[in-house]
Amino acid sequence: MHATAIAQPNIALVKYWGKRDVSRNLPAVGSISITLRDLYTEVSIDLGSGLSQDELLFNGERNDEMLPRIAACIDSVVGEGRPRVRVSSKSNFPIAAGLASSASAFAATTVASASAAGLSFSMLELTQLAGQASGSAARSLYDGFVELKNSGESIEVTSLCDVDSWPMQVIVAITETEPKAVGSTVAMEVSRKTSPFYENWIAQQDQDLDSARAAIDRRDFESLAVVAEHNCLKMHSVMWASRPPLVYWNTATIACMQSVRRLQEDGCKVFFTIDAGPQVKAVCLPEYAAAVREALEKTPGVQQVMESGLGIAARLVEPS
Ligand code: DP6
């Protein structure tokens, strides 16, 4: 009744923002992401450990805030009459700060809890379970470039191209390590209900998905850069125009975007993307990684820089 899984966070290049069905957590739009290699979340599940209630330890400390969502994820995998569970989780990057920590946490929890309960699911079933827990988590079950298709009553995820066929580096500029004020789940609904730009965002998404997919097929970095930056800025425009406004950026976020612009002007193959948080992810071809890293490290307000290649799907491991 024990199992441990590792999942990597993923970074969306064409973003998921908005839900079609809140109760089933079905996204209103498809999305395209890259799964990372060097950032990870490891989740150990201990089912039926004689506990009287569920318990979540994060980096060795009790975390009651995330527990209800993690417990609900395990309920949907194992069944609601399940024994109580101890969940031990650790990550090598800040959580709940716009670094896709929910994607890796829920992907690892889904895989580990299925194994701890001795259940075997198809990839399609695991995808639905992870996606129900957190939309972006479904993408962390797959490696490399990944597309989540918003297909009617369920979601479908496919690998667009594997890790080795188009190597990239992602440099993450951390500008704030405190958890964000409003989580994505709540913020998406605020946008849907109040942002005057929301309908346009949804209407244009298929076009962005087509452009990004075609750019990935052709290994056309410049075209991917254009669509990814535009899609990111459109999502943030939807957020900014929500009521209350959802402004996740700080001054260092903007300074990092300007650093990326300067690098582009110097011929560096890099683009930025930003999720529901103040961190900036600069995606580049590997030969430009050192220059991108140096520029972001020098950017005022950047607290820490992390780097990752593209990586691997969620998987079972021996506990570390
Ligand atoms: C801005 O997957 O965290 O990172 O399904 O409510 O758990 P829930 O949302 P979540 O949202 C991710 C939003 C995003 C964009 C993206 O990753 O596509």
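Both ligands and their constituent atoms are indexed starting at 1 by order of listing. From a predicted model like this one, the values you see are computed outputs, not experimental measurements.
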>> If the contact criterion is a heavy-atom separation under 4.0 Å, does Gln132 count as touching ligand 1?
In response: no

> Ala314 and Ala107: which non-hydrogen atoms are nearest, and at how many Å?
Replying inline: CB-CB, 4.3 Å

>> So which atom in Ser159 and which in Asp143 form the shortest heavy-atom distance, rounded to 0.1 Å?
In response: OG-O, 3.1 Å

> Taking both backbone and side-chain atoms of Gly135, is any N or O found less than 3.5 Å from an N or O belonging to ligand 1?
Replying inline: yes

> Which of the numbered atoms in ligand 1 are below 4.0 angstrom from a heavy atom of Asn25?
Replying inline: 5 (O)

> Going by the atom numbers of ligand 1, which of them fall below 4.0 Å from some non-hydrogen atom of Arg69?
Replying inline: 7 (O)

> Which atoms of ligand 1 have any heavy atom of Ala276 under 4.0 Å away?
Replying inline: 1 (C)

>> I'd like to check which ligand 1 atoms, numbered from 1 as shown, lie under 4.0 Å from a non-hydrogen atom of Thr185.
In response: 6 (O), 7 (O), 8 (P)

>> If we set the cut-off at 4.0 Å for heavy atoms, which region of Ser134 has an atom near ligand 1: side chain, backbone, both, or neither?
In response: both

> So, are Asp64 and Arg62 salt-bridged, with charged N and O less than 4.0 Å apart?
Replying inline: yes

> Between the main-chain N or O of Ala12 and the side-chain N or O of Lys15, is there a donor-acceptor pair closer than 3.5 Å?
Replying inline: yes

> Applying a 4.0 Å heavy-atom criterion (strictly less than), which segment of Asn10 is in contact with ligand 1: side chain, backbone, both, or neither?
Replying inline: neither

>> So that I can tick it off, tell me whether Arg261 and Glu265 are bridged by a salt bridge, with the cut-off set at under 4.0 angstrom between side-chain N and carboxylate O.
In response: no

> Any donor and acceptor pair, going by atom type alone, linking the side chain of Asn63 with main-chain N or O of Phe58 inside 3.5 Å?
Replying inline: no

>> Under the ring pair (Phe, Tyr, Trp, His ring centres under 6.0 Å) definition, can you give me all pairs with a residue in residues 137-168, not counting sequence neighbours?
In response: Phe145-Trp166

> Looking only at non-hydrogen atoms, which of Lys19, Lys15, His236, Arg139 approaches atom 16 (C) of ligand 1 most closely?
Replying inline: Arg139

> Sub-3.5 Å donor-acceptor pair from the side chain of Ser308 to the main-chain atoms of Arg37, do we have one?
Replying inline: yes

> What residues form a ring pair (Phe, Tyr, Trp, His ring centres under 6.0 Å) with Phe271, not counting sequence neighbours?
Replying inline: Phe221

> Evaluating non-hydrogen atoms only, which member of Met188, Met239, Glu189 is closest to atom 9 (O) of ligand 1?
Replying inline: Met188

> To which of Tyr16, Tyr248, Trp17 does the heavy atom nearest atom 5 (O) of ligand 1 belong?
Replying inline: Tyr16

> For ligand 1, which atoms sit closer than 4.0 Å to a heavy atom of Ala12?
Replying inline: 16 (C), 17 (O), 18 (O)

> For the atom pair CD (Glu147) and CD (Glu156), what is the distance rounded to the nearest 0.5 Å?
Replying inline: 9.0 Å

> How does Ser31 reach ligand 1, by side chain, by backbone, by both or by neither, if only non-hydrogen atoms under 4.0 Å count?
Replying inline: neither

> For ligand 1, which atoms, with element, lie under 4.0 Å from some heavy atom of Ser102?
Replying inline: 3 (O)

> By number and element, which atoms of ligand 1 are closer than 4.0 Å to a non-hydrogen atom of Asp275?
Replying inline: 1 (C), 4 (O), 14 (C), 15 (C)

